[in-house]
Each structure stands twice: as structure tokens, then as C-alpha cells.
Protein chains: 2
Amino acid sequence: MIKRKSIRKIVFDNFIKKFKESNLKITPQRIAILEQVLSSQGHPSAEEIYNKIKKSYPNISFDTVNRTLLTFADIGILDIVEGTGDVRRFDPNDKSHHHFRCKKCERIEDFYYEDYDKLEIPENIKEKFNIKKIRVILEGICDKCISSYSSSETDSNP
Amino acid sequence: MIKRKSIRKIVFDNFIKKFKESNLKITPQRIAILEQVLSSQGHPSAEEIYNKIKKSYPNISFDTVNRTLLTFADIGILDIVEGTGDVRRFDPNDKSHHHFRCKKCERIEDFYYEDYDKLEIPENIKEKFNIKKIRVILEGICDKCISSYSSSETDSNP
DNA sequence: GTCTAATTAATAATTATTACTATTTAGGAA
DNA sequence: TTCCTAAATAGTAATAATTATTAATTAGAC
Ligand SMILES: [Mn+2]
Ligand SMILES: [Mn+2]
Ligand SMILES: [Zn+2]
Ligand SMILES: [Zn+2]
């Protein structure tokens, strides 16, 4: 019990340290947003996080939430999910992972696969660019959508 | 000379075939958009394509261009670039490839690397999902931005 | 405690994307 | 070929998402 709490505190303090390193002031708003984000599941939009925070912090402004989330992404506390031109979604999962995306329902699912974390970087890329992160997205049709998926589009011989 | 032209025609005719297979009517607008897209470099937005088409087709509407591009993406003529919540960008490059993205200037560069095309799919994903496409995104800082990149952010011992 | 630059709330403004509707048209049938 | 109809388009309008503005507040340095 005590141990669990102290681990949580350590994680939290680490983020506070990051704030300071990045010369960001520690404001009640940022704390509230950080806490909300750390307890979020899935890939929430700024609006979703805003709505949850409003319950405990009724007069926070949307702009502050959005701006802060982008700031968090900047300093590496958060990630932004790779999308296809829809609303921006944030990723509070700090463990190294990758995504499956369903082309039908746009569901985005985390998965873990170490092989993908340590892919070899092609030489010509290595020369020109300083690579910080490898993202793999597996795209297809999810189990829930597969049944309603038109058979004409199935990989079958013509 | 003749050969080059005939190859181009074959490519074009293939797309027309796709139209028909998908029960899409062959309209002058769709032809114009297809031609514009096939001759596009990089990763244009709907607006960019719209502006180019307007020169030869002055009263085409933006909605038609945008809608058609999405339709093209649907039937697999085009791809949509994985973004981070900014304007949607299309990908006319039909060769199997992957992307490098610069975190500073948002530059997106194509690269080819066969190893990435045939990555192994983890078993638990294979069971639940029907994977159609593997995308790898290498994220980092590009050569043009590296010089202006704050040295404090460089991977060095503290 | 004082001071100042950073941050915020509360908008407003701008973009981006999608929806609506009267009109036109592609393509199949007669 | 001509006729017919569902699909597609032009020309907006509406909505949604993102960013900007500004006066007021405040965190943190001194
Ligand atoms: Mn994730
Ligand atoms: Mn590309
Ligand atoms: Zn699905
Ligand atoms: Zn760059």
C-alpha cells in the first residue's frame, strides 16, 4: 500500500523534474492536467481531457488544456497518435509500444513487441537524420468489423 | 518515346478499371483530379491539389476535390499520410515505402526499405486483426534542422 | 514582500472538414 | 440515339478543430 503510493509519487516527481528542466512553471492547471493524463486510458482528444478536468477544476479553459497538452508532447511527457486528418489524439502510455489501426472503425489499439522497438535503421537515413523514435502502425480490419466487411474486398483469387 | 507514353496510359487505364470495379462514374472532375494527383510530388493537402487543378479547371469546387481524394483513398489509389493533428495530407506515391518525419520542421520524407515491408506480425495481433498494411515511421531531426537544434537536447551524459 | 516574465481565462479568429441542396450528368436501358 | 435515373457536382453553409489575442493573474527569482 505504502509502496504503491510512493512509486506513484516518484513517477509524478519525475515529471515535475522535467517541468523544471524545461523551464516550465508548476501551476495548478498543469498539475491537474498531468494527473488527468496519467490516469487516462486509450487515446483521448484534448476535448475529452478538458471535459474530465472540468469536473474537479470547473473554470479551466480549453485553450489552457490544449496548449498544455501540446507542451507536454514537446517535452516528451506525452505522445501524439499518428492520425489520418481527424481530431488530434494524445497518448498517455509512456511504455514503448506500437499501434494497430482499424480502417473501418478507426479503432486504435496499443500493442507491445520488442522486435519493432529495435528495428535496424537504413544507412541512408542514418546519415541524414537523427532518429529518436520508431513507430510501427499495423493497419487493417479489426475483429469487430471483420464480419461486416464486404466479402468482395477479401483477398481471394478472381 | 512511344513506349513511355503507352506505359503511362496503361497505368492510367488501370485506375479507370478500379473506378469501374468500385462502381464510380468516370467524370471529367475525377479524371482531372487523378491526373493532378499522379503528377504530384511529396504529400499535398487537398487545398494544394485544389489550387493546382483550378488552373486548368477553374470552376471545380473544393468539396469535389476533397471528397474525390477521400474516395481515391478508399479504393486504394491514394494513401493518407500519418499526421499529428494538422492538415490532412495525401500520398500519391504508390510504391511501397515508409516515412521519415522531422519533429522540428514537420518535413516528411519517403524512403524505401524492403525489410520493413515484410516485418513479422506478432501472433496476438494476427489472431484478432486482418492486417493489410505495415507502416514504419522514423521520427527525429532532419539534417536541415540539426544545426539549429538546441545542444541541451542532445543525447549526452548529464 | 516586490517585481517580472510566464501563464491563464475568456473570448475571438482562423482553418479544416463535412453537410446541404438545387442542378447537372454519366452511363445503362429502351 | 434518346430517355431515364441515380450519382455526382457547384456553390455555398455549417460545423468542428485549432490557434491567436489580450487583459488579468501568478509562480518563482531576488
Ligand atoms: Mn498508444
Ligand atoms: Mn510518402
Ligand atoms: Zn474496426
Ligand atoms: Zn527538419
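Computed from a predicted model, the values in this text were never measured in an experiment. FYI, side chains are in, hydrogens and waters are out, and symmetry mates aren't considered; it's all heavy atoms of this structure. Note on naming: letters A, B, ... go to the chains in the order of the sequence lines (proteins, then strands), and numbering restarts at 1 for each one.
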Throw together a table of side-chain donor-acceptor distances under 3.5 angstrom for residues 58-66 of chain A, partners on residues two or more places apart or in other chains.
unit_1	atom_1	unit_2	atom_2	d
Ser61(A)	OG	Thr64(A)	N	3.3
Ser61(A)	OG	Thr64(A)	OG1	3.0
Asp63(A)	OD2	Arg67(A)	NE	3.3
Thr64(A)	OG1	Arg67(A)	NH2	3.2

*For atom CD of Glu21(B), decide whether the heavy atoms of other residues, nucleotides or ligands shown that lie under 6.0 angstrom number more than 12.*
yes
*What pairs with Glu123(A) under side-chain contact (heavy atoms from CB on, under 4.5 Å), at least two apart in sequence or on another chain?*
Lys126(A), Glu127(A)
*How would you list, by chain and number, every residue that makes a side-chain contact (heavy atoms from CB on, under 4.5 Å) with Lys95(B), sequence neighbours excluded?*
Asn93(B), Tyr112(B)
Throw together a table of side-chain donor-acceptor distances under 3.5 angstrom for residues 79-87 of chain A, partners on residues two or more places apart or in other chains.
unit_1	atom_1	unit_2	atom_2	d
Asp79(A)	OD1	Arg135(A)	NH2	2.8
Asp79(A)	OD2	Arg135(A)	NH1	3.2
Asp79(A)	OD2	Arg135(A)	NH2	3.4
Glu82(A)	OE1	His99(A)	ND1	3.1
Glu82(A)	OE2	His99(A)	ND1	3.3
Glu82(A)	OE2	Arg135(A)	NH1	2.7
Asp86(A)	OD1	Thr84(A)	N	3.2

Measure the distance from [atom1] on [X] to [atom2] on [N] and round it to the nearest whole Å.
{"X": "Ile49(B)", "N": "dT17(C)", "atom1": "CD1", "atom2": "P", "answer": "12 Å"}
{"X": "Ile16(A)", "N": "dA27(D)", "atom1": "CD1", "atom2": "C1'", "answer": "13 Å"}
{"X": "Glu47(A)", "N": "dT19(D)", "atom1": "CD", "atom2": "C1'", "answer": "15 Å"}
{"X": "Phe62(A)", "N": "dA13(C)", "atom1": "CZ", "atom2": "C1'", "answer": "15 Å"}
{"X": "Asn66(A)", "N": "dT15(C)", "atom1": "CG", "atom2": "P", "answer": "17 Å"}
{"X": "Ile31(B)", "N": "dT9(D)", "atom1": "CD1", "atom2": "P", "answer": "11 Å"}
{"X": "Asp74(B)", "N": "dA7(D)", "atom1": "CG", "atom2": "P", "answer": "16 Å"}
{"X": "Lys54(B)", "N": "dG11(D)", "atom1": "NZ", "atom2": "P", "answer": "11 Å"}

Below 3.5 Å, can you tabulate the donor-acceptor pairs from side chains in residues 26-36 of chain B to any protein atom, sequence neighbours excluded?
unit_1	atom_1	unit_2	atom_2	d
Thr27(B)	OG1	Arg30(B)	N	3.0
Gln29(B)	NE2	Tyr57(B)	OH	3.4
Arg30(B)	NH1	Lys25(B)	O	2.9

*Only pairs at least two apart or in different chains count here, so list each ring pair (Phe, Tyr, Trp, His ring centres under 6.0 Å) that has a residue in residues 64-83 of chain A.*
Phe19(A)-Phe72(A)
*So which of residues 78-92 of chain B are in contact with DNA chain C, with a heavy-atom cut-off of under 4.0 Å?*
Val87(B), Arg88(B)
_Contact list please: residues 32-40 of chain B against DNA chain C, heavy atoms, distance less than 4.0 Å, in numerical order._
none
*asked:* Has Arg101(A) got a side-chain atom pairing as donor or acceptor with Ile108(A)'s backbone, closer than 3.5 angstrom?
replied: no
_Minimum heavy-atom distance His43(A)-Glu48(A), with the two atoms named_ = O-OE1, 4.4 Å
*For nucleotides 2-8 of chain C, just jot down a letter per nucleotide in 5' to 3' order: B, S or -, based on protein non-hydrogen atoms under 4.0 Å.*
---BSSB
*Report the end-to-end axis angle of the helix from dG1(C)-dC30(D) to dA30(C)-dT1(D); each axis comes from five terminal pairs, and the value is rounded to 10°.*
40°
*Using a heavy-atom cut-off of under 4.0 Å over every strand shown, decide if Leu70(B) touches base, sugar-phosphate, or nothing.*
sugar-phosphate
_Point-to-point distance, once rounded to the nearest 0.5 Å, from CZ of Phe90(B) to CG of Leu69(B)_ = 4.5 Å
*Interatomic distance, Asp110(B) atom CG to Gln41(B) atom CD [nearest 0.5 angstrom]*: 9.5 Å
*Taking the hydrophobic residues Ile, Leu, Val, Met, Phe, Trp and Tyr, and joining any pair whose side-chain heavy atoms are under 4.5 Å apart, which ones share a cluster with Phe111(A)?*
Phe100(A), Tyr113(A), Tyr116(A), Leu119(A), Ile121(A), Ile125(A), Phe129(A), Ile131(A), Ile134(A), Val136(A), Leu138(A), Phe100(B), Phe111(B), Tyr113(B), Tyr116(B), Leu119(B), Ile121(B), Ile125(B), Phe129(B), Ile131(B), Ile134(B), Val136(B), Leu138(B)
*Regarding Asp117(A) and His98(A), is there a side-chain donor-to-acceptor distance under 3.5 Å anywhere?*
yes
_Test salt bridge (charged side-chain N to carboxylate O under 4.0 Å, His left out) applied to Lys103(A) - qualifying residues, sequence neighbours left out_ = Glu139(A)
